[in-house]
Amino acid sequence: MSTVSTLEAVCADAWPPQVSRRLGEWRLRAAGGYTGRANSALAAGDPGMPTEQALKHVVTFADEHGIPPYAQVIVGSHWERELAEHGWAVNAAHPKGAESAVLHSPLRTGSATAKVDNEPPEGWWELAVGGSATEAQRHVLTRGPNVGFASVRRADRIVGIARGCVVGDWLHIAVVEVHPDYRRQGIATALLAGLNLWSPTTRGRVLQVATDNHPAWRLYLRHGYRESHRYRYWIPPAN
């Protein structure tokens with residue numbers, strides 16, 4: 001497998017939807033509308049049928065599960081051309097930005113003040129989703145091959161969180177959040193280091209970040225991350 005294919009598979013396995021269906025090598029996913037990654041068709045590889053038919057399956061699956069039809073497509077792949085020819089367009093209004101990047105890095109070790117638990121500790125969900133988690137949010141964030149929940153406390157209060165999921169030889173990192181009152185104090189760095197120590201046998205790290213999230217980009221570049229590729233969400237033409 002190419003690096004792009006490997007990383008896409010890792011990211012998909014680390015972010016499990018409530019419902020998943022294979023369409024050849026494509027993955028149709030639904031999770032109550034929580035995140036684009038868990039509520040879209042990963043259009044990578046061969047769907048095993050003509051493009052027009054595959055896209056009809058994407059729309060039907062989305063309708064069945066009450067979510068908008070989205071296709072997650074690697075930037076520069078032939079699927080972008082295929083979808084454009086069938087009237088689909090990039091979803092410029094996506095709430096997390098029209099384009100995201102997949103970054104990766106070799107595993108690094110070092111000291112860390114973050115704690116990593118097997119279950120979300122009290123206060124973790126508040127930063128992750130802004131309050132009590134829905135069933136879909138709990139499913140996506142607590143399921144996976146091997147999941148760890150990192151947190152940093154100040155005065156018995158969780159002020160920073162992150163989620164790690166080990167998939168094969170890779171550590172997938174997501175939900176890196178720091179309370180606004182505690183930013184620029186090295187907490188995100190402590191979270192990344194904590195997850196590194198939690199998964200010492202993995203050979204690399206991977207994460208996904210919106211291309212317009214400049215503070216996050218600066219953080220990850222400082223920690224040795226480099227871009228593998230980018231993806232965008234595509235939507236069908238209006239009826």
Side-chain angles (χ1 to χ4, degrees), residues 1-22 25 27 29-32 34-40 42 44 72 100 102-129 133-153 158 160-178 187-209 216 219-220 223-226 228 231:
M1 294 178 69
S2 69
T3 300
V4 171
S5 297
T6 297
L7 294 181
E8 281 298 321
V10 168
C11 292
D13 288 343
W15 202 252
Q18 290 176 299
V19 182
S20 181
R21 184 184 302 167
R22 289 281 186 168
E25 293 177 316
R27 303 190 191 202
R29 304 166 294 185
Y34 175 61
T35 77
R37 286 174 284 170
N39 292 272
S40 61
L42 178 57
Q72 181 184 336
S100 294
V102 176
L103 308 183
H104 65 103
S105 167
L107 185 70
R108 291 186 177 184
T109 58
S111 60
T113 57
K115 182 182 179 184
V116 182
D117 295 293
N118 292 329
E119 300 287 341
E122 185 177 355
W124 197 92
W125 288 111
E126 181 65 31
L127 280 181
V129 299
T134 65
E135 182 180 347
Q137 290 167 334
R138 286 189 176 276
H139 181 99
V140 172
L141 294 178
T142 62
R143 303 293 181 92
N146 183 13
V147 182
F149 302 89
S151 60
V152 171
R153 293 179 178 271
I158 288 183
I161 64 163
R163 175 188 183 270
C165 183
V166 175
V167 180
D169 292 334
W170 289 89
L171 166 64
H172 180 270
I173 296 174
V175 201
V176 180
E177 299 286 349
V178 177
I187 291 174
T189 294
L191 293 165
L192 295 177
L195 288 172
N196 286 343
L197 293 175
W198 171 72
S199 58
T201 61
T202 53
R203 69 181 179 90
R205 303 168 295 172
V206 59
L207 55 82
Q208 295 148 290
V209 61
L219 169 71
Y220 299 136
H223 287 275
Y225 284 87
R226 295 295 179 265
S228 166
Y231 64 87

With rounding to the nearest 0.5 angstrom, report the [atom1] to [atom2] distance, [X] to [Y].
X	Y	atom1	atom2	answer
His104	Leu171	NE2	CG	14.0 Å
Leu207	His223	CG	NE2	11.0 Å
Ser228	Gln208	OG	CD	10.5 Å
Leu197	Leu192	CG	CG	11.5 Å
Leu141	Thr134	CG	OG1	9.0 Å

Do [X] and [Y] have side chains that get closer than 4.5 Å, going by heavy atoms?
X	Y	answer
Val147	Thr142	no
Val129	Tyr34	yes
Asn146	Trp198	yes
Ile158	Pro121	yes
Tyr220	Ile173	no
Glu8	Gln72	yes
Trp124	Arg163	yes

Under 3.5 Å donor-acceptor, Arg205 side chain and Trp170 backbone | no
For the side chain of Arg29 and the backbone of Ser40, is there at least one donor-acceptor N/O pair under 3.5 Å apart?
-> yes
Show me, pair by pair, the donor-acceptor contacts under 3.5 angstrom made by side chains of residues 11-18, not counting sequence neighbours?
| from | atom 1 | to | atom 2 | distance (Å) |
| --- | --- | --- | --- | --- |
| Asp13 | OD1 | Arg27 | NH1 | 2.8 |
| Asp13 | OD1 | Arg27 | NH2 | 3.3 |
| Trp15 | NE1 | Thr35 | OG1 | 2.9 |

